[in-house]
Visitor: 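Just passing along the structure, written as structure tokens.
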2 protein chains.
Amino acid sequence: MAKKRASITDLARQLQLSTSTVSRALSGHPAISEATARRVTALAKELGYRPNSLAAGLRKGRSNLLGVVVPHIDGNFFSQVVKGIEAAASQAGYHVLICQSNEDLAHERENLETLMSAQVAGILVSLSRTSNEFRHFEKVRKRDIPLVFFDRVLVGHDVNAVVLDDRAGGYRATRHLLEQGYRRIAHFSGPQYLNIYKHRRQGYEDALREYGLPVEEDLIVFGHMDMPDGHAGMRQLLALPHPPDAVFSGSDFSAAGALEVLAERGLRVPEDMGLVGFSNEVFGRLTLPRLTSVDQHCELMGRTATRLLLELLEEREPASAPRHVVLQPELLIRASSLRTGRAGAG
Amino acid sequence: MAKKRASITDLARQLQLSTSTVSRALSGHPAISEATARRVTALAKELGYRPNSLAAGLRKGRSNLLGVVVPHIDGNFFSQVVKGIEAAASQAGYHVLICQSNEDLAHERENLETLMSAQVAGILVSLSRTSNEFRHFEKVRKRDIPLVFFDRVLVGHDVNAVVLDDRAGGYRATRHLLEQGYRRIAHFSGPQYLNIYKHRRQGYEDALREYGLPVEEDLIVFGHMDMPDGHAGMRQLLALPHPPDAVFSGSDFSAAGALEVLAERGLRVPEDMGLVGFSNEVFGRLTLPRLTSVDQHCELMGRTATRLLLELLEEREPASAPRHVVLQPELLIRASSLRTGRAGAG
DNA sequence: TCCCGTCGTGCAAACGTTTGCACAACCCCG
DNA sequence: CGGGGTTGTGCAAACGTTTGCACGACGGGA
């Protein structure tokens with residue numbers, strides 16, 4: 001049965017106007033008399049007119065779509081960021097086109113191609129873990145499609161980006177442990193070619209130095225930051241001749257793994273061992289004890305990146321200097337790092 | 001600098017062919033000679049030609065976009081389903097347009113409108129929790145846009161749908177508790193106009209009846225299935241003159257809430273109280289004890305729903321009978337429901 | 001009265017693709 | 001050698017919108 005949608009031509013015919021006038025009236029063009037504008041919008045509403053964005057996009061050379069490339073969309077962090085992106089975009093009348101690179105450079109390249117053939121107005125990207133080059137983004141630049149990176153950025157390239165101040169996150173987490181009286185603080189870190197892990201470690205070291213404490217290589221454990229890594233890391237630390245009295249983990253998952261090992265060994269948290277994670281995963285409120293963690297404001301990151309992209313779209317200046325936004329993380333103090341009675345002590 | 005993309009017209013000019021021939025060659029039309037087809041594809045590759053999907057969509061009356069409406073995209077379940085949807089869609093050359101209804105009927109209505117104005121080829125929907133009517137979907141039907149529901153569907157409406165066998169999930173969960181020797185089993189349930197909660201409850205009741213046990217109204221608590229609801233529900237149950245010895249919760253979140261209350265009161269799980277959740281959230285492996293739950297195969301559900309939608313798109317038959325796919329859930333038994341020594345007992 | 005500026009509207013082209021129809025060339029068979 | 005079928009290609013319209021330009025009407029100043 002498929003009833004045809006009302007088009008701008010239908011409105012024009014019924015109102016004895018030209019399509020140009022109707023088009024202008026609907027887009028609020030100043031040269032249209034108020035009376036005409038009212039007539040047009042009234043009929044448009046009556047007929048339930050919806051603009052055909054394909055036609056508009058074709059004519060204008062770009063759609064009202066924003067492309068998003070993420071390593072994967074499940075998982076706490078990216079799904080929340082995407083939530084923020086979608087919210088900000090739809091508020092501005094844009095749609096969001098999602099692609100997953102599956103942490104794979106070749107996929108990422110293909111994603112960009114298909115987004116460009118969909119004529120997206122702009123693109124948001126968080127790099128795949130294997131993306132160590134930048135060539136595939138040159139084509140995007142050539143076409144003057146605004147591009148904003150978030151969270152994961154390729155080091156050494158000056159691009160529009162919204163990132164977290166991971167250094168500050170690591171610093172505050174570690175400093176909090178120090179303020180709670182812990183003095184031998186270990187750290188779980190990830191691949192150092194990812195800026196996020198590198199910066200978290202730098203924050204950790206800065207805090208130690210500020211307290212005049214040495215950075216001991218034995219106390220820094222590198223891994224992939226999942227639960228099994230947390231198990232292994234904790235066992236390794238406990239086997240040291242002089243084990244730590246606290247751990248700042250660059251991920252909640254490895255922190256949870258550590259927690260399990262500690263429970264196994266009958267060590268109490270936070271009394272015998274302080275523990276701080278990173279990312280504020282949902283389960284952090286469900287562990288026993290609850291896990292102190294660093295919140296990344298994922299949704300805000302999505303919103304912010306989108307707003308930045310929309311600004312770039314408005315400007316249409318060919319090549320302004322790349323803009324950076326750095327979001328501040330937030331330390332959420334829960335039981336796993338709170339030595340009661342010692343709180344606030346130097 | 002914005003280099004222009006090569007269009008079909010450019011190819012035609014360079015090859016001294018008409019645009020029609022080029023178009024047909026690229027889409028594998030049988031009436032094109034093999035020689036011509038080769039020439040065209042060769043040049044297309046050389047120039048890096050990418051079809052302009054906006055133009056194609058405009059001409060064909062529909063785009064290569066699939067619309068998706070979900071209550072929200074963060075959280076374990078929906079982000080995984082969307083992952084499956086995106087994977088299946090992009091494999092078939094489609095893009096995915098994501099909308100969030102924020103569990104709100106008005107939003108959902110608006111989402112559908114904007115998807116239709118984006119000329120999506122088909123739509124995938126999981127209903128918002130407040131969607132207790134169906135009117136807004138009539139317009140989609142009128143336009144002959146294929147529509148597939150997943151997970152949450154409105155009871156009493158015969159539509160294309162991919163759902164979980166929630167009844168079986170509820171049945172198996174409850175039966176497992178019975179097999180573990182629990183005899184007074186309570187249940188947390190949600191809004192009964194949503195199939196998922198209704199069916200989980202039915203499975204629960206079926207299992208009780210099979211064991212010759214009564215279904216007691218006092219033992220069924222209705223709510224929104226979040227953590228605070230789990231707190232309240234558990235307190236309510238413990239206040240009963242004759243409290244239950246186990247709870248089958250229709251959601252992991254309320255199960256987690258219940259767990260907290262039990263810990264507060266010093267009640268042991270699974271010894272004093274058995275606990276089973278639903279959805280296999282990530283945190284279920286991190287609670288103490290680990291939470292027995294029902295896995296929904298979220299990603300598979302996304303893939304399946306998308307495949308069904310793509311089939312409907314291929315057929316283009318105006319109104320075939322609505323198709324249903326029912327996926328089987330999987331009970332994942334963990335410590336929260338395992339009374340050691342009693343395992344397997346009648 | 002004439003000229004010029006302003007205001008509101010219309011004309012028509014353009015965006016890149018698909019597709020029904022027509023047509024030219026060729027082959028085969030009678 | 002002519003008629004009919006097949007094969008490969010081109011013409012042109014159409015999808016719904018936007019937008020540069022032109023045009024007519026009207027008003028005010030000279």
Side-chain angles (χ1 to χ4, degrees), chain A residues 2-41 43-44 47-65 93 116-121 143 316, chain B residues 2-41 43-44 47-65 93 116-121 143 316:
Chain A
K3 224 174 53 182
K4 292 296 285 183
R5 305 175 23 172
S7 81
I8 233 171
T9 325
D10 299 326
L11 297 188
R13 195 174 18 218
Q14 289 201 35
L15 292 169
Q16 303 275 51
L17 287 171
S18 71
T19 60
S20 0
T21 303
V22 175
S23 169
R24 283 191 263 253
L26 290 171
S27 60
H29 194 285
I32 298 295
S33 75
E34 209 179 319
T36 309
R38 251 201 302 272
R39 286 210 305 147
V40 171
T41 47
L43 184 64
L47 297 187
Y49 167 77
R50 288 263 156 180
N52 181 329
S53 45
L54 257 50
L58 175 59
R59 168 63 224 229
K60 293 199 289 196
R62 69 171 157 112
S63 66
N64 63 340
L65 301 170
M116 288 175 58
S117 89
Q119 307 266 90
V120 293
R143 298 244 202 296
R316 266 354 248 154
Chain B
K3 224 175 51 184
K4 292 297 283 183
R5 303 176 24 173
S7 80
I8 232 172
T9 326
D10 299 326
L11 296 186
R13 196 174 16 210
Q14 288 201 36
L15 293 169
Q16 305 273 53
L17 288 171
S18 71
T19 59
S20 0
T21 303
V22 175
S23 169
R24 284 191 262 253
L26 290 171
S27 60
H29 194 286
I32 298 295
S33 75
E34 209 180 318
T36 310
R38 250 201 301 272
R39 286 209 306 147
V40 171
T41 48
L43 184 63
L47 298 188
Y49 167 77
R50 288 263 155 180
N52 181 330
S53 44
L54 257 50
L58 175 59
R59 168 63 224 235
K60 293 199 288 195
R62 69 175 158 106
S63 67
N64 63 341
L65 302 170
M116 288 173 60
S117 90
Q119 307 266 89
V120 294
R143 297 243 203 302
R316 262 1 243 153

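Each chain gets a letter, A, B and so on, in the order its sequence line appears, and its residues count up from 1. Just so you know, these numbers use all the heavy atoms, side chains as well, and skip hydrogens, waters and symmetry mates.
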Visitor: Can you list everything that forms a side-chain hydrogen bond (donor to acceptor under 3.5 Å, both in side chains) with B:S20? Sequence neighbours excluded, please.
Guide: B:S18
Visitor: Return the value, rounded to whole Å, for the distance between atom CD of B:Q16 and atom P of D:dG10.
Guide: 10 Å
Visitor: For residues 25-34 of chain B, which residue pairs qualify under side chain to side chain donor-acceptor pair (under 3.5 Å), counting only residues two or more places apart or in two chains?
Guide: B:S33-B:T36, B:E34-B:R38
Visitor: Round to a whole Å and report the spacing from CZ of B:R62 to C1' of C:dT17.
Guide: 15 Å
Visitor: Give each protein N/O atom lying under 3.5 Å from an N/O atom of nucleotides 4-7 of chain C, with the pair distance.
Guide:
none

Visitor: Please tell me whether A:Q16 and A:R39 have a donor and an acceptor in their side chains that are separated by less than 3.5 angstrom.
Guide: no
Visitor: Could you tell me the separation between the CG atom of A:L54 and the P atom of C:dT17, rounded to a whole number of Å?
Guide: 13 Å
Visitor: Report the distance from atom CG of A:N64 to atom P of D:dG16, rounded to the nearest whole Å.
Guide: 17 Å
Visitor: Compute the angle between the rotation axes at the two ends of the helix from C:dT1-D:dA30 to C:dG30-D:dC1, each taken over five pairs, rounded to 10 degrees.
Guide: 60°
Visitor: Between protein and nucleotides 18-21 of chain D, what N or O pairs are separated by less than 3.5 Å?
Guide:
from   : atom 1 : to    : atom 2 : distance (Å)
D:dT18 : OP2    : A:S23 : OG     : 2.6
D:dT18 : O2     : A:R59 : NH1    : 2.3
D:dT19 : O4'    : A:R59 : NH2    : 3.4
D:dG20 : O6     : A:R24 : NH2    : 3.4

Visitor: Sequence neighbours left out, what passes side chain to side chain contact (heavy atoms under 4.5 Å, CB included) with B:A44? Give chain and number order.
Guide: B:L11, B:L26, B:Y49
Visitor: Measure the distance from CG on A:L58 to P on C:dA14 and round it to the nearest whole Å.
Guide: 14 Å
Visitor: Could you pull out all residues at least two apart from B:D10 that satisfy side chain to side chain contact (heavy atoms under 4.5 Å, CB included)?
Guide: B:A6, B:S7, B:R13
Visitor: Quick one: list whatever passes side-chain hydrogen bond (donor to acceptor under 3.5 Å, both in side chains) with B:S23, sequence neighbours left out.
Guide: none
Visitor: Send over the distance from A:D10 CG to D:dC15 P, rounded to a whole Å.
Guide: 10 Å
Visitor: Could you pull out all residues at least two apart from A:A12 that satisfy side chain to side chain contact (heavy atoms under 4.5 Å, CB included)?
Guide: A:T19, A:V22
Visitor: Does any pair with a residue in residues 14-24 of chain B pass salt bridge (Lys or Arg N to Asp or Glu O under 4.0 Å), and if so which ones, sequence neighbours excluded?
Guide: none
Visitor: Quick one: CG on B:L54 to CG on A:L65, what's the gap to the nearest 0.5 Å?
Guide: 7.0 Å
Visitor: Side chains of B:R62 and B:R143: does their closest heavy-atom pair fall under 4.5 Å?
Guide: no
Visitor: Measure CD/A:Q119 against C1'/D:dT17 and give the value in whole Å, please.
Guide: 14 Å
Visitor: List the residues meeting salt bridge (charged side-chain N to carboxylate O under 4.0 Å, His left out) with B:R50, not counting sequence neighbours, and say none if there are none.
Guide: A:E110, A:E113
Visitor: Measure NE2/A:H29 against P/D:dT17 and give the value in whole Å, please.
Guide: 17 Å
